[in-house]
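Below is one structure; the comments refer to it alone.
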Amino acid sequence: LHAGSSMETAVICCIRDLEKIYPKDADILQELIYMETQMHLSVPLETLFVDLAERSGLEDIENFAAVFATAKRSGGDFSKIVQKTARMLTDKIEVKKEIEATVAAKKMEQVVMSVMPFGMILYMQLTSPGFLQILYGNVFGAVTMSICLGIYFLAYWMGCRIVDIEV
């Protein structure tokens with residue numbers, strides 16, 4: 001687009017460039033080849049992008065298709081519009097990756113915190129078995145530990161729900 005090519009020509013050039021990077025059966029390459037064949041049949045490019053957005057169900061493609069169709073109708077500067085849209089999508093992807101990294105760290109913390117009580121009980125059982133005998137050797141201790149186990153499972157369930165974040 002910066003060199004003055006039309007958007008249709010830019011799509012065809014992208015196919016040639018992507019063939020060097022991706023295998024022949026890559027989804028993006030197949031979609032662009034499909035778009036090229038449809039353009040040869042006089043299907044407007046904005047219709048093809050909208051169709052791609054509908055078939056993929058990806059929000060980013062839907063946003064780009066809407067921006068592209070609007071720019072095509074209003075006669076905007078495609079080069080600037082595509083640059084700005086690409087920058088916005090890149091920023092969105094970076095923020096998504098940051099969120100995923102933070103959530104992954106919190107999920108690991110949740111796993112460690114969930115395993116810790118069992119690890120402590122196992123350690124105490126192995127190092128000084130008599131210490132826990134009072135908790136498991138009578139009815140009151142068994143009931144108390146059963147209640148604690150129920151609280152533990154409730155806390156584990158709540159922890160899983162808290163860190164189960166869709167990005």
Side-chain angles (χ1 to χ4, degrees), residues 1-120 122 149-167:
L1 292 175
H2 279 301
S5 299
S6 68
M7 191 65 176
E8 289 78 5
T9 306
V11 169
I12 294 169
C13 289
C14 284
I15 294 170
R16 306 304 166 246
D17 291 340
L18 291 176
E19 284 176 336
K20 297 173 187 171
I21 300 171
Y22 293 106
K24 294 280 184 197
D25 60 344
D27 291 339
I28 186 69
L29 196 55
Q30 294 301 315
E31 287 296 333
L32 289 174
I33 291 170
Y34 171 76
M35 290 171 80
E36 180 184 22
T37 58
Q38 292 298 308
M39 284 189 297
H40 288 303
L41 298 172
S42 299
V43 177
L45 190 56
E46 59 267 18
T47 304
L48 294 172
F49 275 122
V50 169
D51 180 51
L52 174 62
E54 289 174 358
R55 286 185 289 118
S56 70
L58 297 173
E59 182 184 357
D60 292 340
I61 298 175
E62 290 173 1
N63 292 341
F64 179 79
V67 168
F68 180 74
T70 303
K72 187 85 168 177
R73 276 185 258 125
S74 66
D77 182 6
F78 279 125
S79 179
K80 287 183 181 177
I81 291 170
V82 169
Q83 276 183 339
K84 187 173 184 178
T85 304
R87 194 175 331 110
M88 289 170 50
L89 291 174
T90 302
D91 291 344
K92 179 183 173 186
I93 290 169
E94 287 176 6
V95 167
K96 185 177 179 179
K97 285 182 180 179
E98 283 183 37
I99 292 171
E100 286 174 348
T102 303
V103 168
K106 295 301 175 187
K107 284 182 180 181
M108 182 54 77
E109 288 177 17
Q110 191 265 337
V111 167
V112 169
M113 294 299 288
S114 298
V115 171
M116 196 57 82
F118 288 117
M120 289 173 53
L122 179 66
L149 184 63
I151 293 170
Y152 167 78
F153 282 126
L154 177 67
Y156 176 77
W157 176 77
M158 287 175 53
C160 288
R161 297 254 339 243
I162 289 171
V163 297
D164 186 27
I165 299 171
E166 282 291 324
V167 180

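Since we're looking at a predicted model, the values are computed, not measured.
- One finds the CZ atom of F64 at 8.5 Å from the CG atom of L89 (value rounded to the nearest 0.5 Å).
- Using a 3.5 Å distance cut-off with no hydrogens or angles, the side chains of S114 and Q110 do pair a donor with an acceptor.
- Note: M35 CE to T47 OG1 = 10.0 Å, rounded to the nearest 0.5 Å.
- Atom OG1 of T37 sits about 8.5 Å away from atom CG of L48, to the nearest 0.5 Å.
- Taking each heavy atom of I61 and S56 in turn, the nearest pair found is CD1-OG, 3.6 Å.
- Residue M88 holds its CE atom at 7.5 Å from CG of N63, rounded to the nearest 0.5 Å.
- Residues L29 and Y22 share a closest heavy-atom pair of CD2-O, 4.3 Å.
- The CG atom of D51 sits 5.0 Å away from atom OH of Y34, with the distance rounded to the nearest 0.5 Å.
- Summarising the local packing, OH of Y152 is surrounded by more than 12 heavy atoms from other residues, nucleotides or ligands at distances under 6.0 Å.
- Listed for the Q30 side chain is a donor-acceptor partner under 3.5 Å among the backbone atoms of K24.
- Between E109 and K106, at least one side-chain N (NZ, or NE/NH1/NH2) sits under 4.0 Å from a carboxylate O, which counts as a salt bridge.
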Which donor-acceptor pairs under 3.5 Å do the side chains of residues 13-20 make with protein atoms, sequence neighbours left out?
residue : atom : partner : partner atom : Å
R16     : NH2  : E36     : OE2          : 2.9

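- With rounding to the nearest 0.5 Å, the separation of OG1 in T70 from CD in E46 is 10.0 Å.
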